[in-house]
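Numbered from 1 within each chain, the chains take letters A, B, ... in sequence-line order.
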There are 2 protein chains.
Amino acid sequence: MATLKQVAAHAEVSVQTVSNALNAPHRLRADTLERVNRSIELLNYRPNRNARSLRTSAVELIGYCVPSWPNQTHLVMDQFLHALCAAAERTGRHILLFTAPGGVDGMPTYDDLHARRMVDGFVLSQTETHDPRHGWLKEQGIPFVSFGRVWKETTQPGPWVDVDGAAGSAMAVRHLYESGRRRIAFLGWPKSSGLGEDRVGGWRDACKDLGLPTTGLTVRCREDSIEEGARATARLLDAGRTVDGIVALSDILALGALRELTRRGLTPGHDVGVTGFDDSPLAEVVSPGLTSLRQPMDQIAEELITILTGSSNGSPVERLLRPELVIRGSSAPG
Amino acid sequence: MATLKQVAAHAEVSVQTVSNALNAPHRLRADTLERVNRSIELLNYRPNRNARSLRTSAVELIGYCVPSWPNQTHLVMDQFLHALCAAAERTGRHILLFTAPGGVDGMPTYDDLHARRMVDGFVLSQTETHDPRHGWLKEQGIPFVSFGRVWKETTQPGPWVDVDGAAGSAMAVRHLYESGRRRIAFLGWPKSSGLGEDRVGGWRDACKDLGLPTTGLTVRCREDSIEEGARATARLLDAGRTVDGIVALSDILALGALRELTRRGLTPGHDVGVTGFDDSPLAEVVSPGLTSLRQPMDQIAEELITILTGSSNGSPVERLLRPELVIRGSSAPG
DNA sequence: CGGATTGTTTTTAACGTTCAAAACGTCCGT
DNA sequence: ACGGACGTTTTGAACGTTAAAAACAATCCG
C-alpha cells in the first residue's frame, strides 16, 4: 500500500507537496500538480484515514445508535439509514452504528465513542418525551443533532430536524374533507406522547377550521398495534354516531382500522376514508392501499448532516419539515 | 482530553508502562498496575483509537453496505443490523455503514474503504446469484464474510453463513402435514434465484418423503409482491384441484395468499394452512397471524463476526443454520 | 538595483499510540 | 563474586499524515 512518502519519491517532490496536491491543489504550480497526480494515480495511492484523523483530530464518522424497542417496529428504519448514509457520504463522511441502553444509562456509551475519537458527533433518533440524551450531550459539549424534537421542553437543548405532525394531520383531514367526509375521527396515543399530542392537535385544529365536529371523535390507544387500532375503531363505530373518516396516528393503527371496517362489512375508501402516518412499506402492500403521510427522508437526512457538520455558529438550528400525503385506495372518494 | 503521556506523568511511570497496563497488564508489578489504573481513572483517560489504529493498522471497524433495492422491502433489516452491531461490539468492534452501487460497479467503493484503512473487512448480504463481489474481494485479499451463499458456484469463493432454506421448507411441509393437510402447494420465484431453488427443493423433497403429490402444485411468481402472491394463489385454486396447504417462499407472497383466500370466502388456517418465510414484522401483525420461518439473527450475526475476525486459518468456513418455525393462526389445525 | 510582494516548495515538528530492543534490578546457583 | 535467567520498566523509533514556519524563486515597484 503506497504512502505519501512513496508518492513523493516517485514524483520527485516533498511529502508535503503531495499532501497539498490533495488538500489544497491551488497552492501547486499546474505542472507540478499534474506530475504529482500522475504519480498518485500510478501508485494507486489512497490516504490513510487513521493517520489523517490523528493529525487533524476529525474522524469524519457520525455515530448512530441502532434502536431496538421490542414493542415498536421500525418500519421505515432502512429508508432512514439509507438516506442518512447517502447524505453523510455526500460530505465525505460515514455512519458508525452502535448499540446502547436507552435513556441516561446509554450515555457512557456515547461519551466513550466520542472520547476515544471514534466519532465526531451523533445523530439521535427515536426521541422520547423528556429525552435525557440531548441535555447530557450538550452539557458534555459533544456535537449532535436530533431527528425529533425533545417534547415538553420549552427551550430545546440542541439542534433538531423534525416532521410537522400537526401539519400532516391537517393535510389528512383536509384531504378527507375534500372527498366529502364530514365526521372525521382520530386514533391516537396516550397524552404522555409529545408526538401524539402534536398530531392530534393538527387534527383538532383542522376540523375546527373546516367547521367539523371533534367531540367524542378521539380515541387514545394504549399501544401501537393492529389489535388496538381495531378495538379503537370498534369503539368509535359502536358509539352510535356516524364516522366517515379516520385519521390514524400511525400506519399500524390505521391497519387496525381497516381490519375492523372490513370485518363489519364496511368498505374502506368507499364507506370510511382512512389515513395513516409514515408511509411504511405496509401501506402500499395492503389492500386497499393505505393513504399515508410520507416523511421526506432524503431531505431529513440532508438537513441532519448539514446541521451536524455545519459551522454551528450561534443558536441551535431547528427545522420543521412538511410530510407528503400519499393517496391510495383507503381514502378513495366515497 | 488526557493522553498516555499525561497519565504516565501522573503515575510517575513511562508512557509504555501505561500502554502495557491496558494491553498487557500481566507484565506489570501489581502495585505499579494499581497506581497506573488509579491515574487512568482519575484523569478519565480513554485511548485514542486513531493513534492506536495508525500504529497497529487495525481499525476494528467492519463495513456493511446498506442495501436499497427499490422493489424489495427489507423487512428484517433492522433486526439484522441490531444483531450484527451487538455481535461486533462483543469483540470490541463496530459497524461502519456505506452505500454502493450493486454488482461490480460497487467494488471500487469497497476497495476504497479498505485501502484508506477505514474498515478491516466486510460483511456482505443480499447475495445474488453469481454475485461478483465475493470473487472480487477474495482476489484483492480483502477480508469478508457473506450472509448468504454465492449460488450457482461449485466452489464458494469465501466464507459464508446462511440459513438452510430447504430445511425450512421441509419443516413447513411437515408442520402442515401434521395438522392434516395432504395437498400442499408452493409459491416461489423464477428458477434464476438460487435461494428460490433451495427452498422449493426442500418443499419437493419433504412432500416426496411424506408421499404427498407435487405435480401442478408449484407456481413461480415473477416478483415478490402481495399482488403476485394473490394471483398465484388464484391460479392454484382455479386449476380445479384441491389445495389445503400453501408454503410460500416469502412472507409477502404468503400475505398475497392470505388475501386471495379471504377474498374467496376461505378461512386461512381453517380451510387452507399457509406459511411464509423470514418472520418479518408483518407476520405477527396481520390477522390471522402468519406462520413463518424465523432466521436465527443473533446466531447468524455471531457467526459472521466470529468468522470475519477469526484466525481464518486454512479453508473458508461455511455455516448452514436452521430456521425456526413460528406457528401462528394461518396454519391453525383445520 | 534593492527591497517588498507574491507564489511555490521544503523543513520541522507534531498528533497519540505500540513495537522492539535495551536497560535495570533481583534472585539464583556455582 | 560472577554470569545467567528472569521479571519489570524505560528508551528509541516508527505508523502516515498535516500545520506552521521557513526557504526559495520569481516578479514588481520605485
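For A:Y45, whose side chain is taken as the heavy atoms from C-beta onward, the closest listed nucleotide among C:dT10, C:dG16, D:dT17 is D:dT17. Across C:dG16, D:dT17, C:dT11, the shortest atom-to-atom separation from the side chain of A:L4 is found for D:dT17. The listed nucleotides are C:dT10, C:dT18, D:dT18; the one nearest the side chain of B:V15 is C:dT18. Counting only heavy atoms from C-beta on, A:R29 has its side chain closest to C:dT9 among C:dG16, D:dG16, C:dT9. Nearest nucleotide to the A:N23 side chain, out of C:dA20, D:dT9, D:dT18: D:dT18. Distance from the side chain of B:T17 is smallest to D:dT9 among D:dT9, D:dG12, D:dG16. Picking from D:dT8, C:dA20, C:dT17 the nucleotide with the shortest atom distance to the side chain of B:Q16 gives C:dA20. The side chain of A:R52 has D:dT17 as its nearest neighbour among D:dT17, D:dT9, C:dT10.
Between the CE atom of A:M118 and the P atom of C:dG16 there is a distance of 17 Å, rounded to whole Å. When the P atom of D:dG16 is taken as reference, atom CG of B:N50 falls 15 Å away, rounded to whole Å. Distance, A:D31 CG to C:dT8 P: 10 Å, rounded to whole Å. Spacing between atom CZ of A:R27 and atom P of D:dA25 amounts to 20 Å, rounded to whole angstrom units. Distance, B:N20 CG to C:dA21 P: 15 Å, rounded to whole Å. What separates CD of A:E12 from P of C:dT8 is a distance of 20 Å, to the nearest Å. For the pair B:M1 CE and C:dT17 C1', the interatomic distance rounds to 16 Å; values are reported in whole Å. If you measure from atom NZ of B:K5 to atom C1' of D:dG12, you get 14 Å, rounded to the nearest angstrom.
Side-chain N/O atoms of A:T56 include none lying less than 4.0 angstrom from OP1 or OP2 on D:dT18. B:T3 has no side-chain polar atom (N or O) that falls below the 4.0 Å cut-off from OP1 or OP2 of C:dG16.
Nearest-nucleotide mapping onto DNA chain C: of B:N48 and A:R35, the residue sitting toward the 5' end is A:R35.
In plain terms, the two heavy atoms of B:R46 and A:D112 that are nearest each other are NH1-OD1, 2.7 Å.
Applying the 6.0 Å contact sphere to CZ of B:R27 captures no more than 12 heavy atoms from other residues, nucleotides or ligands.
Using a distance-only test at 3.5 Å, with no hydrogens or angles considered, a donor-acceptor pair links the side chain of B:T309 to the main chain of B:I305.
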Result block: side-chain N/O donor-acceptor pairs under 3.5 angstrom for residues 135-147 of chain B, not counting sequence neighbours:
unit_1	atom_1	unit_2	atom_2	d
B:S146	OG	B:T127	OG1	3.2
B:S146	OG	B:H134	NE2	2.9
B:S146	OG	B:G148	O	2.5

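Between the side chain of B:R55 and the base of C:dT18, a donor-acceptor pair under 3.5 Å is found.
Two rings, from A:F122 and A:Y110, have their centers less than 6.0 Å apart.
Looking at heavy-atom distances under 4.0 Å, B:T32 makes contact with sugar-phosphate atoms alone, never a base.
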Item to complete: Show your reasoning for whether salt bridge (Lys or Arg N to Asp or Glu O under 4.0 Å) applies to B:D164 and B:R322.
Response: CA-CA 5 Å; B:D164 192 338; B:R322 286 176 67 81; 5.6 Å; no
